[in-house]
Amino acid sequence: MTKLINGKEIAQNLRNNLKKEIDILKKNTGKVPGLAVVQVGNVAASSVYVKAKTKSAKEVGIEVIDNHLPEETNQKELLNIIETLNNQANVDGILVQLPLPKHINEQIILDSIHPDKDADGFHPLNVGKLSIASHNDENLLIPCTPYGCLIMLKGLGVELSGKNAVVVGRSNIVGKPMAQLLLKESCTVTIAHSRTKNIEEVCKKADIIVAAVGRPRMIKENWVKKDAIVIDVGINRIEVDIDGEIKNRLVGDVDFNAVSKNAAAITPVPGGVGPMTIACLLRNTMIAFKNSYK
Ligand code: GUN
């Protein structure tokens, strides 16, 4: 029987625990963690994510400092705003929703966030720490989506050490940090990408596949060996014809219906990785808050 990994439920448990911890911290310190959420422009998908992140943060007791800036905001203006947030006492975490408009250099902005307030774990110092640390230290600010994937994998209770893990996609946000996390679990890790030769064959050898390429239903049934574990990070909006009516649907990077027949465990889209990303952002915000007391 294929196990459906319920990200929604696991994320809810994580948020419940965070809420309890924040309540205790509030009693002890008189303060709550603060998360500055920065969005530039109005990309529809970003607005959806920012809204969901803001709602979840408030529900667990995190104070949200909202900075929704116009599309025309220039790089210098954005850097000035981040500098203010870096020095603002009630801000423990800063999230700059990506992508940024083309006229702003994303890396310069990510570099400008104080590493201790880096709620996404994208600052070079935190990327370096993740790569160097031999285990996933409680104080590390780890990129939210791959960390959410790791929590789901660990929740399965299967031995990860020695497994062949294939990460499909090499982004800084998901693919590269995911590979680092799996390496720390002593997996044998391969990163496959658009130039990988015989990608089907590479995937077919995997005990664990993490798909993060942004290509709807790319991973087919014959790419996945029997009893592999499949984590689908993709969130792709496609149009489908349902009884002659064109409707929008969210699908992952994995051909779910076909692949789920053979997989030992698989995440659905939606309801898999998405809620975990948000829960891990809240976790990072609390870690940043706690680290500020050390
Ligand atoms: N855009 C897509 N995923 C992410 C994420 O995890 N964090 C931020 N800041 N932007 C994103």
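Both ligands and their constituent atoms are indexed starting at 1 by order of listing. It should be emphasised that the depicted structure is a prediction, and the values quoted were computed from it without experimental measurement.
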State the atoms of ligand 1, each with its element, that fall below the 4.0 Å cut-off from a heavy-atom position in Leu95.
-> 9 (N)
Could you check Val37, Val96, Val40, Leu85 and say which one makes a side-chain contact (heavy atoms from CB on, under 4.5 Å) with Asn67?
-> Leu85
Atom pair NZ/CG of Lys129 and Asn139 - distance to nearest 0.5 Å | 8.5 Å
Any heavy atom of Leu98 under 4.0 Å from ligand 1? The part involved is both
State whether the shortest distance between N or O atoms of Asp120 and N or O atoms of ligand 1 falls below 3.5 angstrom.
-> yes
Going by the atom numbers of ligand 1, which of them fall below 4.0 Å from some non-hydrogen atom of Gln97?
-> 1 (N), 9 (N), 10 (N), 11 (C)
Using a distance-only test with no angle check, is there a side-chain donor-acceptor pair under 3.5 angstrom linking Asn16 and Gln12?
-> yes
Using a cut-off of 6.0 Å, state whether more than 12 heavy atoms not belonging to Lys225 lie near its atom NZ.
-> yes
Using a strict cut-off of less than 4.0 Å between a Lys/Arg side-chain nitrogen and an Asp/Glu carboxylate oxygen, indicate whether Glu21 and Arg283 qualify as a salt bridge.
-> no
Answer with side chain, backbone, both or neither: which part of Leu281 has a heavy atom less than 4.0 angstrom from an atom of ligand 1?
-> neither
If you measure only the distance, is there a donor-acceptor pair under 3.5 Å linking the side chains of Thr2 and Ser260?
-> no
Ligand 1-proximal atoms of Phe122, by part, heavy-atom distance under 4.0 Å = side chain
Going by distance only, is there an N or O of Val96 that falls short of 3.5 Å from an N or O of ligand 1?
-> yes
